[in-house]
Amino acid sequence: MTTEKKEKPKLKMAVYWGAACGGCCVSILDVHEKLFDVVAAADLVFWPIGLDFKYKDIEDMPDGHIDLTLFNGAIRNSENKYIAMLLRQKSKIMVAYGSCAHMGGIPGLANFSTKEELFDRVYFETESTVNPDKILPEPNYKIPEGKLELPYFYNDVLPLNKVVCVDYYLPGCPPQTERLLEVFMAIVNGSELPSKKSVIGAYDKTQCDECERKKTDNKKIKKFFRPWEIEDDGETCFIEQGVICMGPATRGGCGVRCIKGNAPCRGCYGPPPDSPDPGAKMMSAIATMIDSNEDVEIDKIIEDVVDPAGTFYRFSAPDSIIRRKL
Amino acid sequence: MSNEPKIVSFLCNWCSYTGADLAGTSRMKYAPNIRIIRVMCSGRVEPTFVLKAFREGADGVLICGCHPGDCHYHEGNYKCLRRYKLLKKYIKQMGIDEKRLRLEWISASEGKQFAELANEMAETMKDLGPANIKEKLDLFKKPKSINENENVEKEKSEAI
Amino acid sequence: MRQTVHPKLKQELMEYGIGDWNACFNCGTCTAICGLAEGGFLFPRKSIQSIQMGLKEKLKQSVDPWLCYYCGECSETCPRDANPGELMMAVRRYLTNIYDWTGLASLFYRSKLALFIGFLLVLIAVITVGFIEGFEKEALMHFGHLFEQYVILAVFTLILLPNIFRMFWLTVVKQDVKAPLFSYITGFWHLIWNMFTQNRSLKCETGNFRWFEHFLIVIGYLLLLLTTVFLGWFSTENTFIIWLGYIVCGLVFIFTFDFMIDRLRKNKAVTKFSHISDWLFVIWLFLLGLTAFIVRLFIDTNLIDNNLWLYMIHLIVIAQWGLLLVPFGKWTHFLYRSFAMYFAYLKKSALEQESNITY
Amino acid sequence: MEEPRIGVYICWCGTNIAKMVDVEYVAEEMKKLQNVVVSRNYKYMCSDPGQDLIIKDIKENNLNRIVVSACSPRIHELTFRKALENAGLNSYLFEMANIREHVSWVHTDRKEATEKAKSLVIAAIKRVGFHESLDKRSVDINPATLIIGGGIAGITAALEIAETGKQVYLIEKNNCLGGNLAFVDLSYPDMSSVHQILDPKIEKVNKHPNIKVFLNTEIDEVFGYVGNFETKINGTAEIEEILKFGNVIVATGLKPFDPSVIPEYAYGKFPDVITSIEFEKMLKEGAIKTKYGKAPKNVGIIHCVGSRNNNYNEYCSRTCCASGLKYANQLRDALPDAGIYELYGDMRAFGKGCEELYTETSKKDIVFMMFDQRNDLPRIKTSGAKDNCNMIIKVNEKLSGEKLNIPVDMVVLLVGAQAQDNAKDIAHAVGISMCGNSFYIERHPKLDPVATTTDGVYIVGSCQGPKGIIDSVCQARAAVSRILGTIAQGSVQVEVTTAVVNEDICCGCQTCICVCPYTAISFDAEKNVSVVNEVLCKGCGTCGSACPTGAIRCRHFTDLQILSQIEGLMSLELEEV
């Protein structure tokens, strides 16, 4: 990639949302007044949420025309995938921006249901739905003018790296703005970038490293609590209070936002290096803490972990080993 | 082997692996479905390993450790038991039949019990039929270029 | 049926000359080799077992020892030299005194002195009789003839019959053998047949010659009894009877002589260990034949008148034979054995009946 | 990490493997795999030529990873590691696939077996790719030895070592040395007096300058590793002492079976039903008398009490039969015309001189009666008035098929052997494992009978299984020779497959700390990370699986290694080169 400095070589930047809530796109605005620096340094050549573009414009671009693409959101349907591939082809640096692109994120929770279940829920079951003729979206639809085609709705939600090669991951739900800026500026100044495929804008150490709550080695759990079930003293480690906190298995970098807000970490920042499946790791750690050797008692304690998949894979299901419900 | 169920088993070095060896030295015959991975202690067995085994196409996973109280490392097998129970809950949620994951205590002298267990496990897997987890989770290869459409058909079938 | 162990049984049997019963470790070779042992009668093994374990009742109630003809095969093949053959013999001796109600049998078996005295008394008695009769030929011969008849009668009715009944009581009644009634009759024919032929011994390894010898002795002995006692051999002129007499007692002493030689040579297992009772039996039988032979010879050659002493000797031998050896000595074996076969027959038919029922 | 160059070796083990696994085919297939440079099959890999083959290849094709697929690593892993060392390769760059105990010996379908063997080898190859050189730490051996148990085995071992001038700590939980043997009068088969054997030894032990005896003492947890153990002992003496030593001999012996749990024998109900221990006491005192002070007219000796019966102990206690014969002789000598009845399940007069003893005994007017040891034990009942005896033994004699009543005045129960009550505590204290009936397990039943799976800990005598004097002494001396061997070397190499914390990842959550059974992990508040004390760590890996960040690596059992092993195990299409 180009590191030699020309006179104000304006960076061409694209931001796209796949299956996402839009929070990531918005988070870009969180840079506040710094936005001017950004705009000064870069042209936004593609940003559906902000500016009106047509896919055609991109398709027409020569390959590698875009310098930096921040792709947020997961891959849910054929459109997401198409754009992902398209952008990959047109951009020098492809960044998986935010938890959804990184690991599948919240949309990834859909992987605990099949496509059919989802459709049933969405098009028939939801309380607000009135759909007497049981109409479902029709991917191919013939009309006099011709053939309409909707994107295919995949059975799975996938993280970005499952469909295209990703250069960097910028985790978070949404990513911490400071982190974004650091990365952005690094690119603008053409300073040395970390090796490809690595996570940027997050620390190798996990939450606990930053977390100010008091931690001891007395991690023995007799009963699990949901956050609302305990009277949090605000300073004892959540886990030691019996609340499952993904902190230990989740990268730092967010500035322990949730925990500071007296909510246990959910793990949006994803696992530290060389830890393929944070959910499994955390499961292992938490289970180890169960303070009993008795079959029955253990079962009883585990009863309180109502939804292991949702708890330990809140953000990482599509990126985990067992990617979806089978 | 292809159509035969595959069972990955994690055996602790001191009791279960020795037990399995004993089954061998005593020439006890059992079903060839089981494939053994040696760990020092059942306490080393992580959910990650089990999930990985399933992901890679195992139809069943068997974890064996020393009998409670006999652990060479005092309590490793209890740690294993706790993880096992939570993990079982998880895989159930993920639509993997509970019976596909099993934890048993096999002491160094229980070659016979191991052989029986191996057969039993193989039987269960045959009854349950193939898990096809690998098949279900391998989607399509990452396309090299945008024009590459070889997988589209597959995608469609995947999709609808 | 639970039995009590009699720790002292072995010691008791020692006195009847059981050999080294200790040596036996119940391998069963003896029974395997034995031509006569069969289902329900697995001797010698079972008998030895009973002895080793001190199963007195069982031993007393078993007919097995009588079914054995002492061919000696078992003793030759015994891996521990426990000499089962002789042991069976000893048991037979033991049993004879168990059956004998007078107790004299056991006395004679156990003490040589008593035996000697017994023989002496009889001798003296006969001589006194002779003295009373004034050593007058006709009178003596007459007396002798009567004596023979009465003694045989007495010995039978007073001693042997009761003993046989005792035997019956132990081996059949006590064992509550439920033999079908008709078998008592059919068995009786067996009894007679065996008594005279002893043909079961043909099954023994020792083969036919030994049986033949025995057979001839038995026949000889019985005919001798017939000729002398009932046909009055010594006082007849009937040439056929005379010649018959000669032949039979000839048979008797010739073969008994042969037996004695064997016993001296000790080359067969049977003849290795000979209990005194055994010796006496053979010798006296021999003397019996011999003296009878000579006496008749003297009568025919008219030498008898001057040699009455000869008849006296014959008389003494007969007396000792009839009064001591027949009721208390080995002679009884001839009887007991025959009856044992009868009882064994009953037992067998009882077993058969049972097995039929179970079918 | 340099590109792996893997050498694969499939062993035939004669026909043991070759007959059930197509070794040539497997070896051929492996060639397809990435990074596999050579792949061979050979008759006996463990043989010297087999090892030389590996060494040669390593040198010629500069291999840097070796996979041997043969028997159980528990048997030959060390052999091949040595071979690697001889070739100048780090011995941990080696992996073994067990295709004998786990394949050829247990499967019957050659095709299936071959497939399985193949996948096991692939797994090993995948795994070995991620193996890393580990440097063996060699530690100095502390020449002192701790011996737990002052029975004949312990005493023998103690003297043997002390004689060579090395320190011995002999720990006995009772108040005197000698163990069970101290109760015994004569020893079979030669009827030699035990106290003539034992007493001088005990005397010598007590006097010996190099032996420190601790009576009424039990050990606490034993910390450390081969060459450098230490333990806290707490005896009756209020002073608690810390002992340091290089090797441990466990000679805790056995505990006599308690016959009162067998209803048939009415032990405790009849005063004249006594155990062999009590009888030995009688013999020592030289007076065989019933509780009424009379010499018994008839004595019954019952074998296999508590042994070889599913309700009690499955195993044979080894010493009872010969003891029974011994008693028969002693009784015969003492009571020439008593009736003596040996009631046995099977007469097992094994070992030098014992069959002869049996033959001799059988000639001494001893009645041997057989009963059904598993289903039909003899029963001891009260005797009737006219029986003039203390008790009646009701037995169903097996050889004759007779149901018997044996009148006896005394019954000697040949009680079997059991593991000590505190067997488990000791096992945990020194870190060895027990088999089903809580006797200790040796490293290899045939090839390594006195060593255990924990380096530097040896088991001798009856704590490993019921034994007579001879076997115990043999084992004691065998263990001693092993120990003196290591002491002579002065140092010993210790396993380094310990856990290690990656401080760049560790977040200091301290999950691992209370997980460690050996308190080997501590928290460094300074750096806010956990730290593993590699000396205390025994490498179980439990912390590794508990660590939520993956900061703890269990050397030689890393996630990466195991995960890739799993991959290999499952991959069968080999065109992936």
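All chains are named by letter (A, B, ...) in the order of the sequence lines, taking the proteins before the strands, and each is independently numbered beginning at 1.
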What part of A31(B) lies closer than 4.5 angstrom to a heavy atom of chain D: side chain, backbone, both or neither?
backbone
Under a 4.5 Å cutoff for heavy-atom pairs, which residue among H67(B), M40(B), E46(B), K79(B) has the most contacts with chain D?
E46(B)
What part of C80(B) gets within 4.5 angstrom of chain D, counting heavy atoms only: side chain, backbone, both, or neither?
neither
Measure distances from D109(D) to the heavy atoms of chain B and classify the residue's part below 4.5 Å as side chain, backbone, both or neither.
neither
Enter the distance from S72(D):OG to L22(B):CG here, rounded to the nearest 0.5 Å.
11.0 Å
T25(B) vs E101(D) side-chain heavy atoms within contact, under 4.5 Å:
yes
Between T48(B), V45(B), V39(B), T18(B), which residue shows the highest count of heavy-atom pairs closer than 4.5 Å to chain D?
T18(B)
Please identify, among S107(B), G19(B), A20(B), A108(B), the residue contributing the most non-hydrogen atom pairs under 4.5 Å to chain D.
A20(B)
For E221(D), is it the side chain, the backbone, both or neither that has a heavy atom under 4.5 Å from a heavy atom of chain B?
side chain
Heavy-atom distances under 4.5 Å only: say whether S26(B) touches chain D with side chain, backbone, both or neither.
neither
List the steps, then state whether side-chain contact (heavy atoms from CB on, under 4.5 Å) holds for D559(D) with F49(B).
CA-CA 8 Å; D559(D) 292 8; F49(B) 302 162; 4.0 Å; yes
Between the side chain of S545(D) and the main-chain N/O of G43(B), is any donor-acceptor distance below 3.5 Å?
yes
Taking the six-membered ring for Trp, are the ring centroids of Y17(B) and H102(D) within less than 6.0 Å of each other?
yes
Most chain B-contacting option - heavy-atom pairs closer than 4.5 Å, from T497(D), I75(D), N98(D), L120(D):
N98(D)
Measure from the side-chain N and O atoms of R100(D) to the backbone N and O of G24(B), and report whether any donor-acceptor pair falls under 3.5 Å.
no
Under a 4.5 Å heavy-atom cut-off, does chain B meet the side chain of K538(D), its backbone, both or neither?
both
Checked P517(D), P73(D), C540(D) vs chain B; the most non-hydrogen pairs under 4.5 Å come from C540(D)
Please assess T454(D) against H72(B) for the test side-chain contact (heavy atoms from CB on, under 4.5 Å), listing each intermediate value before the final yes or no.
CA-CA 9 Å; T454(D) 309; H72(B) 184 73; 3.4 Å; yes
Whatever's closer than 4.5 Å to a heavy atom in chain D on K52(B) counts as both
Could you tell me whether K85(B) atom NZ has more than 12 heavy atoms of other residues or ligands within 6.0 Å of it?
yes
I need the minimum non-hydrogen distance between N13(B) and R74(D), along with the two atoms involved.
O-NH1, 2.8 Å
Chain B heavy atoms under 4.5 Å from V515(D): which part of the residue, side chain, backbone, both or neither?
both
Name the member of C554(D), A546(D), S433(D) that forms the most heavy-atom pairs with chain B at distances under 4.5 Å.
C554(D)
Here the gap from E95(D) atom CD to R38(B) atom CZ, rounded to the nearest 0.5 Å, amounts to 7.0 Å
List the steps, then state whether side-chain contact (heavy atoms from CB on, under 4.5 Å) holds for Y30(B) with H107(D).
CA-CA 6 Å; Y30(B) 56 82; H107(D) 299 327; 3.7 Å; yes
Tell me, side chain or backbone of L563(D) under 4.5 Å from chain B's heavy atoms, or both, or neither?
both
Would you compute the distance between atom NZ of K116(D) and atom NZ of K6(B) and round it to the nearest 0.5 angstrom?
13.0 Å
Between R44(B) and T542(D), a side-chain donor and acceptor under 3.5 Å
no
Nearest atoms (heavy-atom pairs only) where G57(B) meets M570(D):
C-SD, 3.8 Å
Please check if atom NZ in K29(B) has more than 12 non-hydrogen atoms from other residues, nucleotides or ligands closer than 6.0 Å.
yes
Please say whether more than 12 non-hydrogen atoms of neighbouring residues, nucleotides or ligands are located less than 6.0 Å from NZ in K112(B).
no
How long is the span from the CZ atom in F439(D) to the OG atom in S109(B), to the nearest 0.5 Å?
12.5 Å
